[in-house]
Amino acid sequence: MQAGNEFERVSRLDLAFAGFLSQRTALQAAEKNRFNMLLITLAQRQRQGHTCIEINPQERALLLASGLVCDVIQADIQEYPLIIEDNRLYLQRYWFYENRLAQQITQLDVNDYSINSLEPLLDRHFPKLTDDIDWQRRVAECACRQALTIITGGPGTGKTTTISKILAVLQELAENPLLIALAAPTGKAAMRLQEAIAQNADLLNCPQTVKQSIPQTAVTLHRLLGAKPPSPYFNHHAGNPLIYDVVVVDEASMVDLALMSKLCDALKPGARLILLGDKDQLNSVESGAVLADLIDALPGNTVELTQSHRFNDEIKTLADVINKQDDKTAWSILSVNGATLGVLAPKQVLPFILAQRQRYVQLVSSGAAYSEIYREFSRFQVLCSNRHGANAALMINQLVEQNLFGYVQNSAKNSWYSGCPVMVTQNQLALHLYNGDIGICLPDREQNGQLMVYFQRPDGAVKKILPARMPTCETVFAMTIHKAQGSEFDDVLIVLPPVTNPVLSKELIYTAITRARKTIKIATDQSVFSAAVNNKVGRMTGLKAKLMK
């Protein structure tokens with residue numbers, strides 16, 4: 001077994017975890033082996049995003065006999081590293097987060113607001129143009145009457161337009177101006193939310209004072225809660241809640257179980273929580289499938305927006321058939337090779353990328369303004385299913401750097417050149433840089449050509465950082481599809497590996513497709529593409545069951 005291989009089914013950490021606990025049981029050898037295998041499976045599944053595993057009655061009896069596992073009906077749960085609830089086995093901390101979140105959501109769900117004179121406000125912000133149901137108006141009514149509202153829908157279905165109107169309605173209903181927080185899991189997603197709210201503010205049909213009461217700044221969830229690295233704790237919690245009356249979270253599908261629990265814990269009594277997200281996208285990188293579980297368990301708190309206002313028909317049709325796992329129709333749509341969609345052969349990938357990046361290289365070489373360089377770079381992106389291996393992000397980044405700039409990458413990001421685009425991979429609170437932020441290394445005319453890394457801020461301002469001060473980062477001519485969540489590009493090239501692997505799924509392909517506004521090219525073999533589209537990822541959790549009790 002090779003360490004670091006992202007496809008290995010059992011890691012050394014899984015084995016060490018299981019061995020550590022197995023040695024501390026009083027079980028006999030044969031039973032200890034069975035116990036050890038259950039723990040290996042639990043550790044492995046949690047790395048894959050599951051919060052628990054399913055067990056049968058015989059496994060339940062074995063686990064309880066180990067002395068390290070307790071049933072939730074027992075009193076001293078905190079003394080045990082492993083918890084059983086119904087037919088599910090958890091590590092204690094994941095059971096705690098799941099149970100705590102279920103309690104928090106249940107409490108939110110019972111907080112209803114009695115409101116008079118809502119219809120005139122809704123008529124003004126959501127005028128009735130047809131006899132069809134206006135789902136944007138419906139979700140606004142839900143948000144006014146309930147403490148928890150979930151708005152789901154694909155890209156371009158009007159989620160951020162709707163939330164702008166909802167915030168205006170809530171402010172007009174309030175006796176005193178509401179304190180509102182806008183947040184997202186990543187810096188990129190927060191920037192996009194902030195830009196969308198700013199663009200929609202001037203279009204609102206309400207007094208100027210109401211427009212001014214809607215916040216113009218969005219932050220990451222970690223910043224909102226007051227992260228205290230390297231600890232897992234935050235400044236804001238149940239004992240020191242947030243001051244906000246309304247908290248809006250965009251890209252909620254990316255929020256994992258632990259972070260969502262900590263967010264709900266930090267809400268002050270009476271606060272509203274509004275979650276926006278696409279239920280069909282990839283789940284969070286860490287454990288849980290929180291948004292999907294909440295949508296399934298709480299239909300009364302959920303409204304789905306379906307009409308897309310952004311994509312052209314071809315991209316929307318492709319996304320829809322992939323969502324339905326109709327791989328044959330999806331491949332036939334791609335194979336037409338028109339102006340919007342198409343398939344590339346492996347030998348075409350590098351030439352296609354280099355052609356797409358020629359204008360970027362020209363702008364860098366001519367010393368163009370940073371805003372123009374950044375806009376051109378952000379127009380096109382290569383999205384890979386994997387970080388390591390053939391046709392993966394690291395390999396493509398190395399090839400593109402070498403061919404565009406003659407730079408040969410070494411094992412660490414410790415060399416810089418003009419035109420080098422990087423993605424931050426580790427939060428650096430002191431510099432206000434967050435995982436997922438993208439910067440471009442360019443000469444600074446004000447510093448005699450000293451190389452600096454430029455970052456575009458949500459308000460249009462530019463932040464410059466010396467390369468030596470940069471947190472951990474990596475070249476980003478290509479990025480993984482997971483890293484692209486919360487981003488959009490005009491033109492996208494999706495590159496899949498030459499053979500199938502466990503990362504490939506319907507959700508991954510759908511997420512990649514919906515990052516593009518104008519054109520999509522995909523480099524893959526039909527068999528690999530079909531296997532991915534037909535692989536639907538499901539996560540084992542107990543949150544939905546807890547909420548539906």
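Bear in mind the structure is a predicted one, so any value in this text is a computation, not a measurement.
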(request) Can you sort out the partners of Phe96 under ring pair (Phe, Tyr, Trp, His ring centres under 6.0 Å), two or more places apart, ordered by chain and number? (result) none
(request) Identify, with sequence neighbours excluded, every residue that meets side chain to side chain donor-acceptor pair (under 3.5 Å) alongside Thr51. (result) Glu98
(message) Taking side chain to side chain donor-acceptor pair (under 3.5 Å) as the definition, give me every residue that meets it alongside Thr500, ordered by chain and number, with sequence neighbours left out.
(response) none
(message) Tell me every residue that passes ring pair (Phe, Tyr, Trp, His ring centres under 6.0 Å) with His482, counting only those two or more places apart in sequence or in another chain.
(response) none
(request) Would you kindly say whether Asn36 and Ser22 are connected by a side-chain donor-acceptor distance under 3.5 Å? (result) yes
(message) Going by ring pair (Phe, Tyr, Trp, His ring centres under 6.0 Å), name the residues that satisfy it together with Phe35, two or more places apart in sequence or in a different chain.
(response) none
(message) Is it the case that the side chains of Thr475 and Glu401 hold a donor-acceptor pair, with the cut-off being a distance below 3.5 Å and no angle test?
(response) yes
(message) According to side chain to side chain donor-acceptor pair (under 3.5 Å), who are the partners of Gln356, at least two apart in sequence or on a separate chain?
(response) Arg379
(request) Apply side chain to side chain contact (heavy atoms under 4.5 Å, CB included) to Ser378 and list each qualifying residue two or more places apart in sequence or on a separate chain. (result) Tyr374
(message) Does anything in residues 525-543 form a salt bridge (charged side-chain N to carboxylate O under 4.0 Å, His left out)? List the pairs, not counting sequence neighbours.
(response) Glu507-Lys536
(message) Under a 4.0 Å threshold between the charged nitrogen and the carboxylate oxygen, would Lys463 count as salt-bridged to Asp437?
(response) no
(request) May I ask you to decide whether Asp265 forms a salt bridge with Arg100, counting only side-chain N to carboxylate O separations under 4.0 Å? (result) yes
(message) Looking only at the side chains, is there a donor atom on one of Ser530 and Asp327 sitting less than 3.5 Å from an acceptor on the other?
(response) yes
(message) If the condition is side chain to side chain donor-acceptor pair (under 3.5 Å), which residues does Gln48 pass it with, not counting sequence neighbours?
(response) none
(request) State whether Glu474 and Arg387 are salt-bridged, where the test is any N-O pair (Lys NZ or Arg NE/NH1/NH2 against Asp/Glu carboxylate O) under 4.0 Å. (result) yes
(request) Answer yes or no for Arg24 and Phe20: cation-pi contact, defined as NZ/CZ to six-membered ring centre under 6.0 Å and angle to ring axis within 45°. (result) yes
(request) With sequence neighbours excluded, give me every salt bridge (charged side-chain N to carboxylate O under 4.0 Å, His left out) pair touching residues 50-64. (result) Arg60-Asp71
(message) I'd like to check the ring pair (Phe, Tyr, Trp, His ring centres under 6.0 Å) partners of Tyr454; sequence neighbours left out, ordered by chain and number.
(response) Tyr370
(message) Ring-plane angle category for Phe234 and His222, please: parallel below 30°, perpendicular beyond 60°, tilted otherwise.
(response) tilted
Show me, pair by pair, the donor-acceptor contacts under 3.5 angstrom made by side chains of residues 276-283, not counting sequence neighbours?
from   : atom 1 : to     : atom 2 : distance (Å)
Asp278 : OD1    : Asp280 : N      : 3.0
Asp278 : OD2    : Tyr510 : OH     : 2.7
Asp280 : OD2    : Asn323 : ND2    : 2.8
Gln281 : OE1    : Gln485 : NE2    : 3.3

(message) Can you tell me how far apart CG (Asn534) and OG (Ser505) are? Round to the nearest 0.5 Å.
(response) 11.5 Å
